[in-house]
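What follows is one structure encoded as structure tokens, with my remarks underneath.
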Amino acid sequence: MKKLAFLGLCAVLCFQMTACGGPSAAQKQKEEAMALLSSDKLESGEFVVDGTKYQFPDDVSKWLEGGWHISNRYDNTDTFELEYNVESSTFEMYNDEKTSEYVSMCVINLGMEPIKIQDALVSYIEVDLSKAKDAMYVMLPGGITCESTKEDVKNAYGEPDEEDEYYFLYSYTNADDLDIMVQIDFMETVCTVTYALADSNWGSVTNAEECASFIDDALKTSFYGDYASYVENKFDTEEGAQILYEGEVEYYANSLMYYLDVDYENVSEEIAAGFYDVAREVLGKVKWDMPVVDLPDGANYGSFDITLYPTDFLYIILDDAQAVADSGVEGDEYAQGMLDAVKAKVGEVSYLDPVTMTYDIDLDDGVVETEDWNEIDDILMDFME
């Protein structure tokens with residue numbers, strides 16, 4: 001009897017080990033995924049998809065190296081480029097191994113030069129967790145999978161910052177000082193995880209007072225190179241703000257040389273640098289009044305009035321510039337003569353009649369349109385016809 005009982009126990013154990021496709025295989029998959037994760041904290045940004053560890057935010061190239069491909073929207077991935085600080089539209093990544101596998105993502109260019117989609121940083125990613133036979137096997141830190149309940153998630157990560165019947169929302173700041181939002185959605189168990197760079201990583205404008213300050217700070221950055229507040233409020237990096245200012249200086253200097261019939265593309269570097277110095281001095285003299293903003297509480301659309309004071313520089317240099325033009329000199333001698341003539345007038349700068357303009361506000365689309373910024377620039381520089 002003892003021998004029969006022992007054999008029966010073996011049969012039961014063998015059945016349990018092999019039933020439903022083999023729990024041992026599932027356990028092995030779980031153990032392998034756990035071994036890839038270096039942390040059980042959500043703040044690590046790590047997660048595993050089918051035996052490969054990813055981290056948010058990661059370069060999209062990490063996914064491409066893992067056999068994923070860019071799907072819709074960006075068929076022209078070989079030529080399309082993202083400008084600085086621009087985020088892409090949402091697109092899908094699909095996997096060669098399983099036709100059912102895909103993730104949704106956006107990418108962003110945080111560098112100063114334009115880059116291709118495949119060289120950008122993932123700024124948003126949505127990954128489905130499913131018990132379906134052909135689904136991806138996804139594991140989050142702490143062993144959270146499609147089998148995990150709300151209680152499991154709370155035990156792993158603590159109380160969420162926000163929650164309702166269908167999701168938990170967690171937020172943290174990573175080692176790169178980027179604010180991250182993680183949303184975990186539920187049916188009965190975990191079904192989706194979404195990672196995103198939070199809006200707090202960039203300056204936000206939510207009311208009339210903030211809007212007026214933003215416009216004023218943007219103009220100070222552009223014309224004075226005074227970008228401390230602009231950077232502190234995360235509207236740009238210090239490097240980006242400096243590039244914005246230098247771009248304005250270059251635009252004014254080249255326009256001034258063109259106005260004076262100086263060949264700015266071929267003039268000597270020393271003379272060009274002199275015109276850039278003049279541009280900085282003149283731009284530092286333009287002024288404006290604090291914008292008056294009409295933006296009702298809670299509204300995303302409104303308008304603002306701004307009074308601009310362009311300088312009279314282009315008028316007060318006319319006589320001396322004409323004298324150089326009439327002198328008959330050419331080339332760099334001509335350019336140097338023009339530079340000397342206009343430099344002498346910077347200290348005499350005054351102002352033309354003030355110009356008051358009204359522009360639209362759209363908080364959902366950069367606050368002020370690019371065309372309106374350009375017009376404000378040209379008015380202050382007295383380039384308007």
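Numbers for residues simply follow the sequence, beginning at 1. Quick note: numbers below take in every heavy atom, side chains included, and nothing from hydrogens, waters or symmetry partners.
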Inset, instruction - Treating Ile, Leu, Val, Met, Phe, Trp and Tyr as nodes and any side-chain heavy-atom pair under 4.5 angstrom as an edge, say whether V346 and I271 lie in one connected cluster. - result: yes
Inset, instruction - Would you tell me whether S303 and T358 have side-chain atoms, one donor and one acceptor, within less than 3.5 Å of each other? - result: no
Inset, instruction - Please check if any side-chain donor atom of D179 sits under 3.5 Å from a side-chain acceptor atom of T173, or the reverse. - result: yes
Legend entry - Carboxylate-amine/guanidinium contact K116 E81, below 4.0 Å: no
Inset, instruction - Kindly indicate whether the side chain of I184, heavy atoms from C-beta on, has any atom under 4.5 Å from the side chain of Y167. - result: no
Legend entry - Cationic N near anionic O, under 4.0 Å, K343 to D340: no
Legend entry - Within 45° cone of Y351 ring axis and under 6.0 Å: K287 NZ or CZ: yes
Legend entry - Flag for Y359-D305: side-chain donor and acceptor within less than 3.5 Å: no
Legend entry - Spacing of OG belonging to S44 relative to CG belonging to L37, to within rounding of 0.5 Å: 7.0 Å
Inset, instruction - Would you check if F313 and Y252 make a side-chain contact, meaning some heavy-atom pair closer than 4.5 Å? - result: yes
Legend entry - Check: F186 ring centre within less than 6.0 Å of Y166 ring centre: no
Inset, instruction - Report yes or no: do Y251 and D378 form a side-chain donor-acceptor pair below 3.5 Å? - result: yes
Inset, instruction - Go through the side-chain N and O atoms of S213 and D216 and say whether any donor and acceptor fall under 3.5 Å apart. - result: no
Inset, instruction - Answer yes if the ring centres of W288 and Y224 are under 6.0 angstrom apart, and no otherwise. - result: yes
Inset, instruction - Identify the heavy atoms of S38 and K53 that sit nearest to each other, and give their distance. - result: OG-NZ, 4.2 Å
Legend entry - Presence of salt bridge, E248 and R280, under 4.0 angstrom: no
Inset, instruction - Give, for atom CG of L129 and atom CE of M139, the distance between the pair rounded to the nearest 0.5 Å. - result: 10.0 Å
Legend entry - Y259 OH to L318 CG distance, which is reported to the nearest 0.5 Å: 4.0 Å
Inset, instruction - Kindly indicate whether the side chain of E46, heavy atoms from C-beta on, has any atom under 4.5 Å from the side chain of Y54. - result: no
Legend entry - Lys/Arg-Asp/Glu bridge criterion (N-O < 4.0 Å) met for K345, E348: yes
Inset, instruction - For this output row, return yes or no: ring centroids of F47 and Y195 closer than 6.0 angstrom. - result: yes
Inset, instruction - Please check if any side-chain donor atom of D199 sits under 3.5 Å from a side-chain acceptor atom of S204, or the reverse. - result: no
Legend entry - Centroid-centroid distance, Y94 to Y102, less than 6.0 Å: no
Legend entry - Electrostatic pair K30:E147 at N-O distance under 4.0 angstrom: no
